[in-house]
Amino acid sequence: MSVREINFDGLIGPSHNYAGLSLGNLASARNAGAVSRPRAAALQGLEKMRETIRLGLTQGIFLPQWRPDNAWLAALGTSVSHAEPHIRAAAMSASSMWAANAATVSPASDTSDGRTHLTVANLVTMPHRSHEWPQTLKQLQIAFGASDAFTVHGPIPAPFGDEGAANHMRLAESHGAPGVEVFVYGQSGGPFPARQHVEASKAVARLHRLAPARTLFVQQSEEAIAAGAFHNDVVAVANERVLFTHEQAFADKESFYAALRAALPSVEIVEVPASAVSLTDAIRSYLFNAQLVTLPDGALSTSLGTGMALILPTEARETLAVWSWLERMVAGNGPIRHLIPVDVRQSMANGGGPACLRLRVVADPADIDPRFLLDEAKLDRIAAIVADYWPEEIAPNDLGDTRLIARIEQSWLTLVDHLQLSGDLIP
């Protein structure tokens, strides 16, 4: 095989619920207290993975984490039965489904030692996510365990917040060519916290042995964070030599664009003006939280042809200003030629769209543990487990129910046993 883009999606876990724990995430706050549907959520996510396979792309998976996180509760001197409701909800969080926050990835073509580097995100700015990294790290170490091809780093130390690939972009002539890595950080977000700290971004770049001349540190605009763009991937996305971005994504876009063009002269910047799509509409529809992908020659969906496609949430189609602009864009002669809406409503209701659900890794699939790679037959088997075991509904008041907890634990055990990972992942 050869180096290619692989999208690793987080499977939505059986404890998926709407506790409204994520400050600055407007969708999460808006749906706090609603009844979630874990089974439907996971099946929606699996169908999105199936769509990428049919497009001819290589697809991987990360598994849900063990919930409740009893070790975290014990470190706080409590247990699931005695914890205060907000602590219990944090221990039950299924937010590891957003694999864009799993790690930051630098392909081998960018690093001085010729290995692909991954640094697990510490997620320290949000209590319900701050305890994810140990289980995420374990999966990364297994999936990318080939030491001649990968180096997997532990988390950046607190208090420097690191949110992983959701605040990182890479642009290059092609996936396998040397690239320009863009680390986006925040300083202020009005009423909401800036989650990615520049100190964490610089540390990741050093650990990954990136060339300073091809590494950019760019500040996200305060307006974007205050409007609900808690991660950069809510207002910008990159693929190969294309940057697709909102006009108000960055604090000093002109300096950023100039530096990017100097480092990659062939870059194409597709900027959506605020006069056409407001930040409010962009964030509500998750227009930019789309997977911008290059369709390979010989793709299964041959009717689309080749070129770049946006895999975006159906909410983008339902927002008039957004869809009108997108239709005009693909009718033109730009690099983005196709729009592929997918239904991930359960994820969207908790504040994460198609791009939040995936971690993009450029590597040779032959170097990756095959248990983390998918085909349609494996997807069918996972979907059958989800249909049989995942809870149909969870209300916030259910989170302390011992019968629900037992079902969540059994669901997870059944899945990891099926994938022959129980010996590696059972806590």
Looking at the rings of F160 and H197, which for Trp means the six-membered one, are their centres under 6.0 Å apart?
no

If you measure only the distance, is there a donor-acceptor pair under 3.5 Å linking the side chains of Q219 and D252?
no

Residues E47, R50: salt bridge by 4.0 Å N-O rule
yes

When you check the gap from the basic side-chain N to the acidic O, do E51 and R54 get nearer than 4.0 Å?
no

Intermediate values then yes/no, side-chain contact (heavy atoms from CB on, under 4.5 Å), N101 and R129
CA-CA 10 Å; N101 300 123; R129 305 209 63 184; 2.7 Å; yes

Which atoms form the tightest heavy-atom contact between L399 and M92, and what is the distance?
O-CE, 3.8 Å

Is V293 close to M308 at the side-chain level, that is, under 4.5 Å between some pair of heavy atoms?
no

Step through it carefully: locate the ring centre of F256, locate the ring centre of F217, and say whether they are under 6.0 Å apart.
no

Residue from V182, V180, D110, V105 passing side-chain contact (heavy atoms from CB on, under 4.5 Å) with R170:
D110

Apply the side-chain contact (heavy atoms from CB on, under 4.5 Å) test between F144 and each candidate in D367, V152, D369; give the one that qualifies.
V152

Using side-chain contact (heavy atoms from CB on, under 4.5 Å), reason through L243 and V270 one step at a time and then give a plain yes or no.
CA-CA 6 Å; L243 172 64; V270 180; over 6 Å; no

Between H153 and L137, what is the shortest heavy-atom contact and its length?
O-CD1, 3.8 Å

Taken to the nearest 0.5 Å, the spacing of S2 OG from R4 CZ works out to 5.0 Å

Are any non-hydrogen side-chain atoms of I6 and P365 less than 4.5 angstrom apart?
yes

Just by distance, with hydrogens left out, do N239 and R360 show a side-chain donor and acceptor under 3.5 Å apart?
yes

Will you find, in the side chains of S106 and H208, an N or O donor that is under 3.5 Å from an N or O acceptor?
yes

Quick check on the 6.0 Å ring-centre criterion: do F8 and F372 meet it?
no

W390 side chain to A40 main-chain N or O, any donor-acceptor pair under 3.5 Å?
no

Are the side chains of L326 and V272 in touch, meaning some heavy atoms are under 4.5 Å apart?
no

Do R284 and V322 pass the side-chain contact (heavy atoms from CB on, under 4.5 Å) test, and can you show the C-alpha distance, the side-chain angles, and the key distance before you say yes or no?
CA-CA 10 Å; R284 181 189 298 119; V322 167; over 6 Å; no

Side-chain contact test, heavy atoms from C-beta onward, threshold under 4.5 Å: evaluate it for I340 versus L310 and give yes or no.
no

Taking atom types as modelled, find out whether Q291 and K48 have a side-chain donor-acceptor pair closer than 3.5 angstrom.
yes

Can E5 and T58 be counted as having a side-chain donor-acceptor contact under 3.5 angstrom?
no

How far does OG of S411 sit from CG of D388, to the nearest 0.5 angstrom?
10.0 Å

Roughly how far apart are F288 CZ and L279 CG, rounded to 0.5 Å?
8.5 Å

Taking side chain as C-beta onward, heavy atoms only, is L295 less than 4.5 Å from H338?
yes

Less than 4.5 Å apart, side chain to side chain, heavy atoms only: is that true for I408 and W66?
no

Interatomic distance, Q220 atom CD to N167 atom CG [nearest 0.5 angstrom]
6.0 Å

If you compare all heavy atoms of I394 against all heavy atoms of P38, which two are closest, and at what distance to 0.1 Å?
CD1-CG, 3.7 Å

Compare all side-chain heavy atoms of T104 with those of D162 and state whether any distance is below 4.5 angstrom.
yes

Crowding at NZ, K202 (>12 non-hydrogen neighbours, <6.0 Å)
no

Under 3.5 Å: donor-acceptor pair, side chain of T116, backbone of F150
no

Tell me yes or no: between the side chains of Q65 and T136, is some donor less than 3.5 Å from an acceptor?
yes

Does a donor on one side chain sit under 3.5 Å from an acceptor on the other, for E315 and T319?
no

Decide, yes or no, whether a salt bridge links D375 with K378 under the criterion of side-chain N to carboxylate O below 4.0 Å.
no

For Q196 and E163, indicate whether the former's side chain and the latter's backbone hold a donor-acceptor pair under 3.5 Å.
yes

Any donor-acceptor pair under 3.5 Å from E268 side chain to V242 backbone:
no

The reported gap from CD1 in I269 to OH in Y257 (rounded to nearest 0.5 angstrom) is 5.5 Å

Does F183 CZ have over 12 foreign heavy atoms under 6.0 Å away?
yes

Taking the ring centre of each residue, are F244 and H246 less than 6.0 Å apart?
no

Within a strict 4.5 Å, meaning less than it, do heavy atoms of the V330 and R337 side chains meet?
no

Least distance between heavy atoms, P313 atom then N289 atom
CD-O, 4.4 Å

State, without any angle test, whether E132 and S96 hold a side-chain donor-acceptor pair at a distance under 3.5 Å.
no

Measure from the side-chain N and O atoms of D417 to the backbone N and O of L415, and report whether any donor-acceptor pair falls under 3.5 Å.
no

Between E240 and T294, is the side-chain hydrogen bond (donor to acceptor under 3.5 Å, both in side chains) condition met? List the steps.
CA-CA 8 Å; E240 294 189 324; T294 302; 2.9 Å; yes

Residues A177 and A172: closest non-hydrogen pair is O-CB, 3.8 Å

Using the six-membered ring wherever Trp is involved, compare the ring planes of W72 and H131 and label them parallel, tilted or perpendicular (cut-offs 30° and 60°).
parallel

Can Q346 and Y18 be counted as having a side-chain donor-acceptor contact under 3.5 angstrom?
yes

Tell me whether R317 contacts the main-chain N or O of P341 through its side chain, where contact means a donor paired with an acceptor under 3.5 Å.
no

Determine yes or no for a side-chain-to-main-chain donor-acceptor pair under 3.5 angstrom, with W412 supplying the side chain and P64 the backbone.
yes

For the backbone of V267 and the side chain of R261, can you confirm whether one donor and one acceptor N or O come within less than 3.5 Å of each other?
no

Salt bridge D424-K138, side-chain N to carboxylate O under 4.0 Å
no

Heavy-atom closest contact (A121 atom, G164 atom, distance):
CB-N, 3.6 Å

Distance-only donor-acceptor check, side chains N122 and S130, under 3.5 Å:
no

Are the charged groups of E318 and R345 less than 4.0 angstrom apart, N to O?
yes

State the CD1-CG distance between I311 and L292, to the nearest 0.5 angstrom.
9.5 Å

Strictly distance-based, threshold 3.5 Å: is any side-chain N or O of T52 a donor or acceptor partner for the main-chain N or O of M49?
yes

Between the side chain of S285 and the main-chain N/O of D281, is any donor-acceptor distance below 3.5 Å?
yes

